[in-house]
Structures are given as structure tokens and as C-alpha cells.
Amino acid sequence: MTTEPKTNPPLGRVIVITSGKGGVGKTTSSAAISAALAKKGFRTVVIDFDVGLRNLDMTMGCERRVVFDFINVIQGDAKLKQALIKDKRVDTLSILPTSQTRDKDALTKEGVEKVLTELKADFDYIVCDSPAGIEHGAQMAMYFADEAVVVTNPEVSSVRDSDRVLGLLSSQTKRAETQGAEPIKAQVLITRYDQERVDRGEMMTVDDVLEILAVPLLGVVPESKAILKASNVGTPVTLDGPSAASQAYNDAVSRLTGTQVEMRIQGERRPGLFQRLFGRAS
Amino acid sequence: MSQRYARNRHDRAPATVAAFQVRGRFLTALVLRIDRDSPDDAFYAQLDEQLRTTPQFFAGAPMVLDLANAPGLREGDRIGDLLAHLRNRELRVFGVQNAHGMDDAMLDRHGLIPVTTGRDAPLPRNAAAASGAAPAADVPPPVQNKVIHAPVRSGQRVVAEHGDLTIIGSVASGAELVASGNIHVYGTLRGRAMAGCHGDEGAHIFCQNLSAELVAIAGLYQTSETLDAAALQRCTHIYLKDEKLCMEVIA
């Protein structure tokens, strides 16, 4: 055992990772956040809600181990235990992959609720990787959430879509529909942030984004080559070697679990003097 | 009506496919409101000037005449002369609105259709509802102001059907505010705000920071492209004066 599993009763918190816009880093963030949670010792499961466009299993590096999936469980063709894939690197982490052959209509509210209820009995954190868009699949992913991480790129269309999603989180979810329930705790995670481009005025600043979205900031993940590299080899960036992105995700996860961490925005390490002098020639 | 056509078709050629298809069609037309009873040379000079400055705007566009402010033109055949002048200028007049009391045969002769405006033809009401609420028709509904203490997100639409709308928070681009009365935004207005939606020209819009996609009062609107540059991103009061949207920076 690499980590000490918690023995107290599971927290059973459902966190949805969503954004509205595609390609902003939902799946990458889901993988990184769930791996970081598990590394901290929380029993964590990450569920792929992107039915028909299965990606999470590849990002997590377990695509060859998928036998049964989320949809099989919803339709009663398989038991939850059969579909859950235990991560080989962190033993507190499990993955519930989705189907590549079905479509999003296979997700039913009752089915999703049943699976989540069952998972809540065993896990501290249930991370739901939402598909892009605001249609049925995304709505199913957010409906039962307790917390939301809204992934945004510092760019106007992404911010506007995130704003739309924040509106849905506060109106089309179980917590919103239940009288007297505490609203979903939504936080924004800014990804692909490039300090140099911000300095040149080519990219929105963190303050610009927060001014529009008006929700707390969970973290700022810099644009980093480590992300694509980790994703290509099927490793969540937080389990890969040290990088600015991994650091940012770890900080974000600390904040998610209630630890105060100072907000630091790092870019990739600045090239040293020698690299700057000689790097160009090569 | 459709039955009659169906029968005719079957009588003549039972085995052919339908020779036509009936479809609904909405179309946008220009409305030219005539503000004097007897259009004179000055009127036509103004019109020519308008046509010269924005020729593309009028080219080929279907046009409706509004006689609300020119009751004199409704009498007899006085509209014929006006029509001849307009059609000479290649304006495609096909209809006339606010034309109560005009002779249908005469309109027909000029190739005009009477177009009903919302006020001319109230929507047919449910008989049961009408009998119950008949006396209330003229009494305005009680004012119900609305206060929203949260940001209005993109894609959300907040409507204050009978009263003022106050937002404490900002209004995102892609969000929409509609009120029959005034609109107040204590935050940045990036979306759309439509005050006086039932035609109240005395409605106002106030916002702490004007970055709106569109503002409208009683149907008269301006988009972000035409907003007064001096008011952009300022605390602004928007109101209607002489059928023009005015923007006043108030802080």
C-alpha cells in the first residue's frame, strides 16, 4: 500500500468537473484532480460521463482493462464492482469508464442516482467528468453534484460558456430543485494560463475571468508541455514527474479539501541565461 | 378550405401529386409612418434625402405605410397620389396599417393589404377567462417589482412582467433582462436589457457599468456597436427622448 487508506466512514462528496466548452481540459483536470485526491489518501473514484466519446480511460492509462462500463451498470448488465477499475499506481483510486458504443441517452437520472448512491457508500470523493456542451450528458453529470469545478480557459468564449454552465448549476440540479438545500459549491479552475501572453495583453487576466464569473477561484493551471506528455502516456499529470501544472493541480486539490494554500501562478520554468544564449542557435 | 381544395384536386386529376404546397411565412417589412396629412414637396424632398443616404436599406425591401399620424390620408382616394410618388421611387409598398375606415375595394385597387398591428387586433381571448376577468381588462395589473440578488448568467432570462427589475450583481453577455418598467443593474451590464417591454416610453435603464450587447426601451434599441462611446463602461442612465435613446453618464 502506497497510501494509508482512511478508515472513517466515507465522505461521499460528488464533484462534477464541467465547462460547457470543449477542449478546455475537463478530462485532463478530472484525471489530475482525482489522482491528487487519491494520493492524499482519499478513496476516490472518477466517472466518465462522456458516453460515446470515451477518453478518460486513456488519460488514466487503463483503456486495455475496460471490460464492463458505466452504462452496463446503469442497465443492470454488470455489477458496479465488476466495472470499477482499480488504478495500479495509487490504490485508493478507481476509474469507472463509459461506453464508446452507446450514446448519452443511455444515461438515466434513476440509473445515475443508483450508481452514485452505491459509490457514496465506499468513496470519499466521486469525481464526475462531464462531456462538453449543456445537453443531456452534461446535465446528468452535474445533476447530483455537491460541488462543481468549472474549467475555464482565459478566453472570452470559454468564459461565457462557463458562465452559462454556472447558471445551469444553480438552476437545473438536484440541490437547486430541493427546497432548503445548500446550493452547489462552484469554483473556477483556470487552465492553459500563459503569463507571458497575459503580460502582452493577448490573454484575459485571472481578475478579468473572476470578475465575469463571480465565483471563487480554485486554482490556475499554467499552459504546460507536461500536460500533453502525461496525457500521451496515460498518466494523470499529478502522478507524473514534477511540473508547474502538477504543482498547480496539487494546490487546487488542497483547496478543494479545505486547506488554505496561497494562490501562486507559475509558468514553465524560465529558460536560464545559457539556454537563452545558446538555445536559439540549436 | 383545405377540404375544398382537396376535393377539387381529386375530381380533376386523382393520380397526380399536389401541384402546390401551402406554407406559413414570416417576413420583415419596413414601416413608413407618414406624419402629415397631405404630403407636400418638403415631404418628398426629405424622403429623397433619406433614400440618397441609405439606398441599400430601401432597395427591394417590402414596405408598409403607417397612417396612425395621418388620418387625413385615410379619406377617399388621397392615398393614391402618395402611392404613385412612392412607387416612382421604387419603394415596394404592399400594405397599410392603422387604416381603420378605409374602403377595402379602394385598397384592393391600389394593391394594398390592410396589415393589422397589435393594437388594431387584440388576440382572441379564451371565452371563459374573458367572462371572469372582463372588467379587469382596462385596469392595469398590479405592479410587481422584482429584485434579484445574484449575478445573471449567460443564457438566463429574467422577466419582470409588470414592474421594475433590479439586479444586484452583474449581467453576463448572453443574458437577457426584460421589464415592463425600469431596469437597474448594480454591476456590469454585459447582456441585453429591454425596459418598457409593453411600450412604456417613460421607462429607464440604469447600470453601474455599461458594456451591453443591446439596450432597448419600448422597442427602440441600440446594439453594442452603436452605443454612445462616452457612456461605455461608465455608470449610465439610459432613457428615451423624442424617440431617441439617450445615454447620460451619471457617475
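Values in this document were obtained by computation on a predicted structure and should not be read as measured data. A, B, ... follow the sequence lines: proteins, then strands. Residue 1 opens every chain.
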Peer 1: Above 12 or not: heavy atoms from other molecules or residues under 6.0 Å from OH of B/Y221?
Peer 2: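 12 or below, so no.
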Peer 1: Do the side chains of A/S170 and B/Q156 get nearer than 4.5 Å, heavy atoms only?
Peer 2: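 Yes; the side chains approach each other to less than 4.5 Å.
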Peer 1: Using the rule given for side-chain contact (heavy atoms from CB on, under 4.5 Å), can you reason through A/E211 versus B/T188, listing the C-alpha separation, both sets of side-chain angles and the distance that settles it, and then say yes or no?
Peer 2: CA-CA 9 Å; A/E211 214 256 312; B/T188 306; 3.7 Å; yes
Peer 1: Please determine whether the number of non-hydrogen atoms from other residues, nucleotides or ligands lying under 6.0 Å from atom CD of B/E49 exceeds 12.
Peer 2: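 Result for CD/B/E49: enclosed.
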Peer 1: Taking NZ in A/K174 as the centre, count heavy atoms belonging to other residues, nucleotides or ligands within less than 6.0 Å. Is the count above 12?
Peer 2: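 Count not over threshold, so no.
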Peer 1: Can you confirm whether more than 12 heavy atoms, excluding those of B/R190, are under 6.0 Å from its CZ atom?
Peer 2: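 Yes, the 6.0 Å shell around CZ holds more than 12 heavy atoms from other groups.
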Peer 1: Counting heavy-atom pairs closer than 4.5 Å to chain B, which one of A/G20, A/S171, A/G167, A/A214 comes out on top?
Peer 2: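 If we count pairs closer than 4.5 Å to chain B, A/G167 comes out on top.
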Peer 1: Establish, from distance only, whether the side-chain atoms of A/R160 and B/S154 form a donor-acceptor pair under 3.5 Å.
Peer 2: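 No donor-acceptor contact under 3.5 Å links the two side chains.
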Peer 1: Give a yes or no on this: more than 12 heavy atoms of other residues, nucleotides or ligands lie within 6.0 Å of atom CE of B/M63.
Peer 2: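 Atom CE in B/M63 is packed in, count exceeds 12.
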Peer 1: How about CD on A/E202, more than 12 heavy atoms from neighbouring residues, nucleotides or ligands closer than 6.0 Å, or not?
Peer 2: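 Counting neighbours around CD of A/E202, more than 12 heavy atoms of other residues, nucleotides or ligands fall under 6.0 Å, so yes.
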Peer 1: List the atom of A/L166, the atom of B/R153, and the distance in Å for their closest heavy-atom pair.
Peer 2: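 Shortest heavy-atom separation between A/L166 and B/R153 comes out as CD1-NH1, 3.4 Å.
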Peer 1: Would you name the heavy atoms of B/V152 and A/D163 that are closest together and state the gap between them?
Peer 2: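 Taking every non-hydrogen atom into account, O-OD2, 4.3 Å.
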Peer 1: Under 4.5 Å, counting heavy-atom pairs only, tell me which of A/V159, A/L213, A/L168, A/V165 racks up the most with chain B.
Peer 2: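 If we count pairs closer than 4.5 Å to chain B, A/L213 comes out on top.
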